[in-house]
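In what follows, every heavy atom counts, from backbone to side chain, and hydrogens, waters and symmetry copies are set aside.
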Amino acid sequence: MSGIIDTNIMTQVGFVVRDVEASRKKFAEFFGVEPPPISDSGKYEVTGTVVNGKPAPEASCKMAFFRVGQNVSIELIEPNGAKSTWQDFLDEHGEGIHHIAFGVKGMDEKIQACESFGMKCLQRGKYGNASGEYAYMDAGADLKCIVELLENYSK
């Protein structure tokens, strides 16, 4: 594979929602499964969240994940009201599909490749349990969406 991020395998579709509790119940009912647990995005001391190039210690969210395929999940995200790509999306567009995600190796290199392709890094941080990191890339001009890069350290 020789594309911009060296993969075309999608791992996640993320939805921004106003109420993760209500949304997870509806998705669970739709899928005929038990609602998954709700987690938070973690403490800033671990995540080091950066929004538009600036430290964002207040940016946080509640999340719930549904497995919908062998290697794909649906992520429900309820932002906490502080400046973040999640809150910006909710304020500008309302609830809906926020991003599609791809697993990558070499986050810095992949961000640089995406930026060379014309994307802008909207938000970046580590997972709340420090097992990996994410970056949301604004690909709206060319790909009409936000692309999330996910790098798991354990794999």
Side-chain angles (χ1 to χ4, degrees), residues 1-17 20 23-24 27 31 36-90 92-93 95-155:
M1 174 92 18
S2 62
I4 301 301
I5 58 173
D6 294 325
T7 185
N8 64 357
I9 300 172
M10 185 178 65
T11 60
Q12 183 185 89
V13 177
F15 290 78
V16 167
V17 299
V20 74
S23 295
R24 81 180 180 129
F27 269 90
F31 291 133
I38 295 173
S39 59
D40 67 40
S41 56
K43 297 182 184 308
Y44 177 74
E45 294 76 25
V46 175
T47 65
T49 305
V50 174
V51 175
N52 295 325
K54 298 177 183 162
E58 301 300 318
S60 184
C61 69
K62 294 179 192 173
M63 304 172 288
F65 296 87
F66 286 89
R67 260 297 188 227
V68 292
Q70 187 174 2
N71 296 311
V72 179
S73 64
I74 288 178
E75 178 184 21
L76 304 177
I77 306 162
E78 177 188 329
N80 70 342
K83 175 75 175 158
S84 68
T85 185
W86 313 303
Q87 190 63 51
D88 290 350
F89 185 91
L90 187 60
E92 293 171 21
H93 305 287
E95 297 177 291
I97 295 175
H98 174 261
H99 66 267
I100 57 173
F102 300 87
V104 299
K105 292 286 183 202
M107 183 65 76
D108 291 335
E109 173 187 307
K110 297 303 187 265
I111 289 173
Q112 192 171 42
C114 287
E115 289 175 339
S116 294
F117 189 67
M119 298 179 194
K120 177 186 176 204
C121 186
L122 299 172
Q123 183 170 316
R124 182 178 184 182
K126 290 188 173 35
Y127 303 163
N129 64 4
S131 67
E133 64 182 304
Y134 70 91
Y136 291 110
M137 305 303 298
D138 183 354
D142 294 317
L143 304 181
K144 312 307 178 212
C145 67
I146 293 173
V147 170
E148 183 181 26
L149 308 177
L150 296 170
E151 182 170 13
N152 296 319
Y153 298 148
S154 59
K155 294 182 180 180

How about M137 and F117: do any of their side-chain heavy atoms sit closer than 4.5 Å?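 No - every pair of side-chain heavy atoms lies 4.5 Å or more apart.
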Residue pair L122 / V51, side-chain heavy-atom distance below 4.5 Å: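 L122 does not reach V51 side chain to side chain.
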What distance separates [X] [atom1] from [Y] [atom2], expressed to the nearest 0.5 Å?
X    : Y    : atom1 : atom2 : value
E133 : D108 : CD    : CG    : 6.5 Å
I146 : T85  : CD1   : OG1   : 4.0 Å
S131 : K126 : OG    : NZ    : 11.0 Å
H99  : W86  : NE2   : CH2   : 9.5 Å
M107 : C114 : CE    : SG    : 9.5 Å
T11  : E148 : OG1   : CD    : 7.5 Å

Under the side chain to side chain donor-acceptor pair (under 3.5 Å) test, which residues partner D88, sequence neighbours left out? K83
Would you say E58 has more than 12 foreign heavy atoms packed within less than 6.0 Å of its CD?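 Count not over threshold, so no.
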Heavy atoms of other groups near K54 NZ, more than 12 under 6.0 Å: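 For K54, atom NZ is not crowded (no more than 12 foreign heavy atoms under 6.0 Å).
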[X] to [Y] - nearest heavy-atom pair and separation:
X   : Y    : result
I97 : F89  : O-CZ, 3.1 Å
T47 : G128 : CG2-CA, 4.0 Å
S84 : Q87  : OG-N, 3.0 Å

Residues in ring pair (Phe, Tyr, Trp, His ring centres under 6.0 Å) contact with F15, at least two apart in sequence or another chain: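 For F15 the ring pair (Phe, Tyr, Trp, His ring centres under 6.0 Å) partners, ignoring immediate neighbours, are F27.
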Determine the sole option in Q123, E151, R124 for which the side-chain hydrogen bond (donor to acceptor under 3.5 Å, both in side chains) test with Y134 is passed.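 Result for side-chain hydrogen bond (donor to acceptor under 3.5 Å, both in side chains) with Y134: Q123.
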